[in-house]
Amino acid sequence: MQENPVPLFDLKKQYAKIRGEVRAAFDEVLDSQMMIGGAKVAAIEEAVAKYCGVKKAVALSSGTDALLAALMARGIYRSPLDSENAGEVIVPTFTFFATAGCVWRAGAKPVFADIDPDTFNMSAESLEKAITPRTKAIMPVHLFGQCADMDAIMEIANRRGIPVIEDCAQAIGASRGGVKAGAFGLCGCLSFFPTKNLGGFGDGGMVVSNDEHFAEEVARVRNHGMQPKYFHRSVGGNFRLDALQAAGLLVKLPHLDSWHEARRANAAFYNEAFAGEPKIKTPKIDPKNYSIYNQYVVRVPNRDEAIKTLRANGVNCEIYYPLPLHEQECFAALGYKRGDFPVAEEVARDCLALPIFPELEKCELEKVAEQLKRAVK
Ligand SMILES: Cc1ncc(COP(=O)(O)O)c(C=O)c1O
């Protein structure tokens, strides 16, 4: 058993294996001095579109900007001259802040939906209740690397004629019924934040879509809404991806499936280790889903105490997420209150993310499992 604490993630181990390739790719970009756009950005767009099984991909500056650009490209954007907001967008209340933050920044009203207690993803039943005549889009999140119930969500969306913008920030390569995340709705929004399964060397993101016209609109929004040069049909932003990021991602992409598999093997180890522990609820993966385990999140009754014990005994862990979005201070004016989304509120109280990154060693997995079992006793 090693003495060093088990980190929640260790990016250095992965980098050590591909260091030579990454530095050669960076040198190529540096020598070209084509730092924004160019061949590397075009190449990563093509490669990720192929990987996700969609027609088009537009590289962007972050996952957050991918969400915002997708909304703006769909015309969900409030101008200073509009007297009303840009309509409503339904998001799960249990997700990373960016999902709802982008809706707000676009000038639309985030409308929250509760989640499923097993998958932590948006509940189709709660979604249906949240729809109004002002609903402009539905944004399901494929949380922790597992697809939301896209059969039910797409059925509702198609029946009502509402576009679906998938938040795939944590789910590149995840699939449901053989269809990859991002290929169900109007588009999918990816994040290349360094701790994602495909992490860049800084911020980065992408919109993937089967709708070529929509992808062109996202590309226009990415560059201040400009097309042709110095002519602006609508207002956009600077949402461009650096060529250095594209070069790094191109080196990493061929390894992605093996990294997913390593995460899945780690998850299988934990599932088995916790099988006889009724106090530890392991993540449930819908049988139609292939999870890429961006996070491995368990539920334990004495979560806050368990974290202290784990940390004191050399196991790093994290809470994703301690407070659902409908209870966040910045959204108080929306008028939600505690009790509105009981499942999300309960999960926020007892969820706990354990180390799951691909390069974890067997002794580290054993230490995490042993310490968590002790911590819940
Ligand atoms: C669900 C979700 N949506 C959006 C984002 C935003 O991505 P980024 O950090 O690349 O801006 C994240 C990133 O953590 C996320 O987890």
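Ligands are counted one by one from 1 in listed order, and the atoms in each one are counted from 1 as well. The figures here come from the full heavy-atom set of this structure, side chains too, leaving out hydrogens, waters and symmetry mates.
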Identity and distance of the protein heavy atom lying nearest [atom]:
atom                    : result
atom 16 (O) of ligand 1 : Gln170 NE2, 2.8 Å
atom 12 (C) of ligand 1 : Phe96 CD2, 3.4 Å
atom 14 (O) of ligand 1 : Lys196 NZ, 2.6 Å
atom 1 (C) of ligand 1  : Asp167 OD2, 3.5 Å
atom 15 (C) of ligand 1 : Ala169 CB, 3.4 Å

Does a side chain donor of either [X] or [Y] reach within less than 3.5 Å of an acceptor in the other side chain?
X      : Y      : answer
Asp10  : Tyr15  : no
His142 : Glu166 : yes
Arg222 : Asn238 : no

Query - Glu128 with Arg160: basic N within carboxylate O range, under 4.0 Å - result: yes
Report task. Just let me know how Thr64 lines up against ligand 1, side chain, backbone, both or neither, with a heavy-atom cut-off below 4.0 Å. Result -> both
Requested in this report: Could you tell me whether Leu143 approaches ligand 1 through its side chain, its backbone, both or neither, with non-hydrogen atoms closer than 4.0 Å?
Outcome: neither
Pull out every atom of ligand 1 sitting under 4.0 Å from any heavy atom of [X], numbered as shown with elements.
X      : value
Ala98  : 4 (C), 5 (C), 6 (C)
Val141 : 1 (C)
Thr95  : 1 (C)

Query raised in the report: Under the 4.5 Å side-chain heavy-atom rule for ILVMFWY, direct or indirect, which residues accompany Tyr290?
Result: Ile292
Requested in this report: May I have all residue pairs that pass salt bridge (Lys or Arg N to Asp or Glu O under 4.0 Å) and include part of residues 170-179, sequence neighbours excluded?
Outcome: Asp149-Arg176, Asp151-Arg176, Arg176-Asp286
Query raised in the report: Would you say Ser123's side chain and Ser126's backbone share a donor-acceptor pair under 3.5 angstrom?
Result: yes
